[in-house]
Protein chains: 2
Amino acid sequence: MTGYALRRAQIAVFEGFRRTVGKIGLRPAQFSVMIVIHRTPGLKQTEVANALGIQRTNFVAMVNELERLGWVERRALDRRSHALHLTRAGQGKLSEAMAIERKQEALYDKILGPGERLKLLDMLRRLQVGLEA
Amino acid sequence: MTGYALRRAQIAVFEGFRRTVGKIGLRPAQFSVMIVIHRTPGLKQTEVANALGIQRTNFVAMVNELERLGWVERRALDRRSHALHLTRAGQGKLSEAMAIERKQEALYDKILGPGERLKLLDMLRRLQVGLEA
DNA sequence: TATTGTTATACTCTATAACTATA
DNA sequence: TATAGTTATAGAGTATAACAATA
């Protein structure tokens with residue numbers, strides 16, 4: 001029941017994401033990656049992947065694509081590890097995306113009623129952390 | 001942000017499902033299908049698929065497998081449509097699964113605090129319905 | 001003509017094993 | 001010996017197009 005409700009709501013929200021933020025060429029996972037790199041530039045690939053619950057093995061292709069798109073760059077830390085940074089184009093793209101996303105969040109606020117969205121985020125976070133512990 | 005929180009919580013809850021209900025051989029989607037058939041026996045394939053947001057084209061293989069497992073049966077309504085019913089074995093399997101799932105829901109209750117789980121379900125439902133409208 | 005079920009197919013996401021090179 | 005990144009690969013889940021049989 002809880003799992004089903006979560007799944008359906010997540011699908012609906014992701015669908016909204018694709019219709020809005022998606023228009024400028026960003027998928028949900030790419031958006032999350034760029035936000036982490038923006039907030040903590042210089043993290044290693046594996047660190048970014050771990051922070052997002054992505055396996056480092058699947059993360060390689062993602063970084064390849066973001067690099068190909070010119071939004072992210074790998075900088076050698078030593079001869080086996082790469083630090084991730086947003087390029088100037090990546091910063092711009094992320095700003096665009098966040099502006100669109102803010103409108104979506106405002107929509108969720110409207111649907112749920114005043115203050116309820118923050119309450120929802122808190123419950124989701126507690127549920128996730130409580131289960132992963 | 002909301003999408004990300006939803007996704008992470010959903011993954012955590014599904015992971016819990018697989019570790020518990022999954023032990024008796026049911027995946028989340030199969031569980032949801034069997035619940036719908038249990039609540040409204042005799043629905044056509046397409047009706048069950050629609051109720052769950054599954055495309056009828058992808059639903060064929062799911063019903064095939066549930067039939068092969070002996071939990072669901074197709075009964076001809078006319079010469080082109082099938083009504084879906086749980087077999088006796090399917091009823092038993094679903095009862096087992098629901099008993100395990102109830103324990104999981106109790107865990108979510110404990111993690112979230114008294115009454116909060118119902119509040120969460122209500123918000124998720126309103127968000128989903130609000131977005132699909 | 002529209003509906004129901006179906007097949008084929010492709011694409012994304014995710015999971016595992018194994019490898020290279022470096023620390 | 002452990003770590004970081006990588007490749008290859010397989011399995012879910014999901015999406016579209018096209019079709020046959022039937023209403």
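Within every chain, numbering begins at 1; the chains are lettered A, B, ... in the order of the sequence lines, protein sequences first and strands thereafter.
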Short N-O contact, A:Lys103 and A:Glu101, less than 4.0 angstrom: no
Residue closer to the 5' end of DNA chain D, B:Gly53 versus A:Lys44 (nearest nucleotide): A:Lys44
Presence of A:Arg80 side-chain N/O under 4.0 Å of D:dA2 phosphate oxygens OP1/OP2: no
Carboxylate-amine/guanidinium proximity below 4.0 Å for B:Glu65 and B:Arg27: yes
Distance test, side-chain N/O of B:Arg27 to OP1/OP2 of D:dG13, below 4.0 Å: yes
Residue pairs fulfilling salt bridge (Lys or Arg N to Asp or Glu O under 4.0 Å) with at least one residue in residues 54-64 of chain A, sequence neighbours excluded: none
A:Arg8 side, atom CZ; B:Arg125 side, atom CZ - distance, nearest 0.5 Å: 8.0 Å
Integer-rounded Å distance: D:dA4 P and A:Asp78 CG: 9 Å
Salt-bridge contact B:Glu105-B:Lys110 (side-chain N to carboxylate O under 4.0 Å): no
For atom CD1 of A:Ile11 and atom C1' of D:dT14, their distance in whole Å: 10 Å
Nearest-angstrom distance from the residue atom CZ of B:Arg18 to P of D:dG11: 16 Å
B:Phe14 CZ - C:dA15 C1' separation (whole Å): 17 Å
Below 4.0 Å: OP1/OP2 of D:dG5 and any side-chain N or O of A:Ser81: no
DNA chain C: 5'-proximal contact among A:Arg79 and A:Ala29 (nearest heavy atom): A:Ala29
Which atom of A:Leu121 lies closest to which atom of B:Thr2, heavy atoms considered: CD2-CA, 3.7 Å
Test salt bridge (Lys or Arg N to Asp or Glu O under 4.0 Å) applied to A:Lys119 and B:Glu116, step by step: CA-CA 10 Å; A:Lys119 176 82 180 155; B:Glu116 293 289 90; 2.7 Å; yes
Whole angstrom value for the distance that separates C1' of C:dA18 from CD of A:Gln55: 14 Å
Dump the pairs, protein N or O against N or O of nucleotides 6-9 of chain C, anything under 3.5 Å, distances to one decimal.
| unit_1 | atom_1 | unit_2 | atom_2 | d |
| --- | --- | --- | --- | --- |
| C:dT6 | OP2 | B:Gln45 | OE1 | 3.0 |
| C:dT6 | OP2 | B:Gln45 | NE2 | 3.0 |
| C:dT6 | OP2 | B:Arg74 | NH2 | 3.1 |
| C:dT7 | O4 | B:Thr57 | OG1 | 2.4 |
| C:dA8 | N6 | B:Thr57 | OG1 | 3.4 |

Between C1' of D:dT16 and CD1 of B:Ile54, the distance in whole Å: 17 Å
Rounded distance in Å - CD (B:Glu15) to P (D:dA12): 15 Å
A:Met62 CE to C:dC13 C1', straight-line distance once rounded to whole Å: 10 Å
